[in-house]
Structure formats: C-alpha cells, structure tokens
Amino acid sequence: MRKLIYGVNVSLDGCCDHTKFGGGDDIHDYFSELFQDVDLVIYGRKTYQLMVPFWPEVAKTQSMNEAANAYAKTFDAIEKIVVSRTLTSVEDGHTTIMQGNLKDEILKLKQQPGKAISTGGVELPAQLIEWGLVDEFHIVVHPLIVGAGRRLFDDMNLPEKLSLKLVKSTTLATGCAALHYSKQ
C-alpha cells in the first residue's frame, strides 16, 4: 500500500501561514529530496492555486536560484490532484480534479501501485488525518515566533489522540528542525 505523507512548514508558535514567513535553500532542498519518493501530490484548491502555476513557471523559466529551480523541476514533474467543489478545469497538464467521495478516492489511490502520495496545506490534510489516512508527517519547524496567523491543526477534530513515533530529526542550515514522524 502506498504511504500518504503530509509535509508542512510551521513557525515555532505553530503558525503555518505562508505569508508570515518563508523558506530558503535548505527548505527547497529538503522538500526536493522528500519528493524523490513521491509520484502524486494531492492539494485542496487553495494550496493548489498557491503552488500552481507558480512552481511550474519557475521550472520552465529557471528564474530563481539553484535550489528553488531544482525544487520547481521536481515539483513540476509530479502528477497532481486538486480536490475542489468549484474548479471545473485546470491548465496544468499534470493535474486532475477530484470531486467525488474524497475518503473513498484517497483509499483507492493508496491501493494503487506507485511511490508515496504527498499532501500539504491545512484543511485537506486535517480531514485526511481525522480519517486516519495520513501515514507520515514531515513538519519543518522554523526558528521564529510570528505571533499571529493560522495555526496548524486548529480546525481538526480527532476522535482520539493520534500517537506518533519520531523517525528522524534533522537540523537544517538555517536552524530549522525537520521532524519526520510516522503513525504508531
């Protein structure tokens, strides 16, 4: 069975609002490496529209630095699914729209052969975590306190606590802590 992994950047105080902070080369390198074992990305509409067309355009133009360009090429090559009730079409040739029974569709995808499936953002992953579908968590904690902004897992309602096992922790060059957890 394919693993469903969740990757996200957060501040030390739990903020996951991308407008409050960003990442540098080490963040791009970390997620480029993570995506080497991924062949499908699933996003909700909001996260998808933040990522596409931005990163595919960078992949085409190579308009950023080496780490960002490498991340863009890796990201662009991966097949994508956008979960949306409102989108009727997408321009990215690597993307399909999912509008059916989300839980059943994700379970079907996990049963198919292939590499891991990745998800990101906040609302969609929270729903997938509530259903017990996320197998691994890759949380990169940035060494800053932003004081305001959306908090990770604020809107999640778990039926019971979810125990995780630390698989690996890595300190990145900028002092970010990359934490890799799996379900117990």
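Keep in mind that this is a model prediction, so the values were computed, not measured.
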Stepwise, does the side chain to side chain contact (heavy atoms under 4.5 Å, CB included) test hold for Val122 with Asp154? CA-CA 9 Å; Val122 179; Asp154 261 357; over 6 Å; no

Rounded to the nearest 0.5 Å, how far apart are [atom1] of [X] and [atom2] of [Y]?
X	Y	atom1	atom2	value
Lys110	Leu40	NZ	CG	12.5 Å
Ser84	Gln99	OG	CD	6.0 Å
Cys15	Leu152	SG	CG	9.5 Å
Ile27	Thr174	CD1	OG1	5.0 Å
Lys3	Ser118	NZ	OG	11.0 Å
Lys165	His180	NZ	NE2	10.0 Å

Do we see a donor-acceptor contact under 3.5 Å between the side chains of Thr95 and Tyr48?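 There is such a pair (donor and acceptor under 3.5 Å, judged by atom type) between the side chains of Thr95 and Tyr48.
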
If you look at every heavy atom in [X] and [Y], which pair is closest and at what distance?
X	Y	value
Gly121	Val8	O-CG2, 4.3 Å
Met156	Ile129	SD-CG2, 3.4 Å
Lys115	Gln36	NZ-O, 3.0 Å
Asp13	Gly147	OD2-N, 2.8 Å
Arg2	Asp135	O-OD2, 4.0 Å
Asp92	Pro56	OD1-CG, 4.2 Å

Which word best sums up how the rings of Tyr71 and His28 line up, parallel for under 30°, tilted for 30 to 60°, or perpendicular for over 60°?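 Aromatic pair Tyr71/His28 classed tilted.
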
Steps toward salt bridge (charged side-chain N to carboxylate O under 4.0 Å, His left out) verdict (Lys168, Glu136): CA-CA 11 Å; Lys168 183 179 181 181; Glu136 293 185 2; over 6 Å; no

cation_pi(Lys80, Phe75) dist<6.0 Å, angle<=45: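 Here Lys80 passes the 6.0 Å and 45° test against Phe75.
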
Test of understanding: clusters of I, L, V, M, F, W, Y form through side-chain heavy atoms closer than 4.5 Å, transitively. Do [X] and [Y] belong to the same one?
X	Y	value
Ile117	Leu107	yes
Tyr30	Phe137	no
Ile97	Ile42	no
Met98	Leu133	yes
Ile78	Tyr6	no

Where do Gln49 and Val82 land on the side chain to side chain contact (heavy atoms under 4.5 Å, CB included) test, with the steps shown first? CA-CA 9 Å; Gln49 290 178 326; Val82 57; over 6 Å; no

Apart from Phe21 itself, what residues make up its hydrophobic cluster, given side-chain heavy atom links below 4.5 Å?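 Leu144, Val146, which link up through side-chain heavy atoms under 4.5 Å apart, make up the rest of the cluster.
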
Please check if the side chain of Asp25 supplies one atom and the backbone of Ala67 the other of a donor-acceptor pair under 3.5 Å.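 Answer holds: no.
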
Quick check: are there more than 12 heavy atoms from other residues, nucleotides or ligands sitting under 6.0 Å from NZ of Lys46?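 No - once you tally the heavy atoms of other residues, nucleotides and ligands closer than 6.0 Å, there are 12 at most.
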
Verify side chain to side chain contact (heavy atoms under 4.5 Å, CB included) between Glu123 and Val83, making sure each step is shown before the conclusion. CA-CA 11 Å; Glu123 291 175 30; Val83 177; over 6 Å; no

